[in-house]
Amino acid sequence: MKLNLYVLTPKRIIWDCEVKEIILSTNSGQIGVLPNHAPINTAVDMGPLRIRLLNDQWLTAVLWSGFARIVNNEIIILGNDAELGSDIDPEEAQQALEIAEANLSRAEGTKELVEAKLALKRARIRVEAINWIPPAN
């Protein structure tokens, strides 16, 4: 059995392919989706999207929130923004994480603190996406 996965943002189609399974970050935690999953509509949280291809290879994308609909072995994810793990430069991601950590320690006031925490969360998610080790088959 296969799943049809579509990941769309306002700017582009990130993914349009058949897959074996996905692991999706939602507002209530991560969910795994296999063929014949119960129908569900859910908010998507900022976080990694793990994709298991038909050849059992795992890929990672990063979603910056959105909405997912799962029904009849079709997954449609409408994201505010997304990027494939393969498009993330590891050195740049690590540098962005270090900068975000430093900015958080220097943040003053509510607005700066909220912005710094969000930047740190985004940076951690990007680093997590490129450092993820897939499960053994």
Side-chain angles (χ1 to χ4, degrees):
M1 263 324 222
K2 302 172 200 166
L3 298 163
N4 294 312
L5 175 63
Y6 307 95
V7 181
L8 313 162
T9 71
K11 295 179 184 175
R12 65 185 177 138
I13 297 170
I14 302 293
W15 201 263
D16 177 359
C17 193
E18 291 181 333
V19 300
K20 278 190 174 179
E21 72 178 287
I22 69 164
I23 302 171
L24 177 67
S25 296
T26 71
N27 289 352
S28 57
Q30 290 189 334
I31 62 169
V33 180
L34 294 166
N36 300 316
H37 192 283
I40 185 173
N41 294 319
T42 185
V44 174
D45 197 7
M46 292 191 322
L49 168 65
R50 314 285 188 212
I51 304 166
R52 185 176 176 193
L53 303 176
L54 297 179
N55 66 2
D56 289 325
Q57 178 184 1
W58 285 88
L59 298 179
T60 301
V62 176
L63 298 174
W64 303 119
S65 73
F67 184 79
R69 179 176 186 260
I70 302 163
V71 65
N72 295 329
N73 292 323
E74 182 176 79
I75 305 164
I76 300 172
I77 300 171
L78 304 175
N80 294 328
D81 199 5
E83 58 187 316
L84 294 174
S86 59
D87 292 341
I88 299 172
D89 178 330
E91 290 179 19
E92 185 272 329
Q94 186 61 42
Q95 184 179 26
L97 176 60
E98 292 166 8
I99 291 169
E101 288 169 341
N103 288 342
L104 179 60
S105 67
R106 291 192 304 265
E108 295 180 9
T110 303
K111 183 179 182 213
E112 270 188 35
L113 190 59
V114 168
E115 290 173 350
K117 285 181 179 180
L118 181 60
L120 180 59
K121 183 175 181 179
R122 289 178 69 100
R124 284 183 175 156
I125 290 167
R126 292 180 83 231
V127 168
E128 176 189 342
I130 58 175
N131 290 328
W132 184 67
I133 298 171
N137 291 332

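Note that the numbering runs from 1 along the sequence shown for the chain.
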With sequence neighbours left out, the residues meeting salt bridge (Lys or Arg N to Asp or Glu O under 4.0 Å) with R126 are E83, E92
Handout entry: Step-by-step side-chain contact (heavy atoms from CB on, under 4.5 Å) determination, T26 to D45
Key = CA-CA 5 Å; T26 71; D45 197 7; 5.7 Å; no
Note: P10 and G79 closest approach over all heavy atoms is CD-O, 3.3 Å
Note to self: Test your reading of the model: is there a side-chain donor-acceptor pair from S25 to the backbone of P48, 3.5 Å cut-off?
What the structure shows: yes
**Asked** Just wondering, more than 12 heavy atoms not from N72 lying within 6.0 Å of its CG?
**Response** no
Item to check | Non-hydrogen side-chain atoms of L113 and L104 separated by less than 4.5 Å | outcome: yes
Worksheet item: Do W15 and L49 have side chains that get closer than 4.5 Å, going by heavy atoms?
Response: no
Check: Would L63 and L24 satisfy side-chain contact (heavy atoms from CB on, under 4.5 Å), going step by step from the backbone distance to the final call?
Finding: CA-CA 9 Å; L63 298 174; L24 177 67; 3.6 Å; yes
Residues pairing under salt bridge (Lys or Arg N to Asp or Glu O under 4.0 Å) where one sits in residues 17-40, two or more places apart or in two chains, turn out to be K2-E18, K20-D56, E21-R52
Residues 84-134 vs ring pair (Phe, Tyr, Trp, His ring centres under 6.0 Å), sequence neighbours excluded, gives W58-W132
Handout entry: Verdict with reasoning, I76 to V7, per side-chain contact (heavy atoms from CB on, under 4.5 Å)
Key = CA-CA 6 Å; I76 300 172; V7 181; over 6 Å; no
Item checked: More than 12 heavy atoms of other groups within 6.0 Å of E112 CD -> yes
Determine, for E128 against R50, whether the closest basic-nitrogen to carboxylate-oxygen distance falls under 4.0 angstrom. yes
| request: Take W64 and I125, measure what side-chain contact (heavy atoms from CB on, under 4.5 Å) needs, and give me the verdict at the end. | output: CA-CA 10 Å; W64 303 119; I125 290 167; 4.0 Å; yes
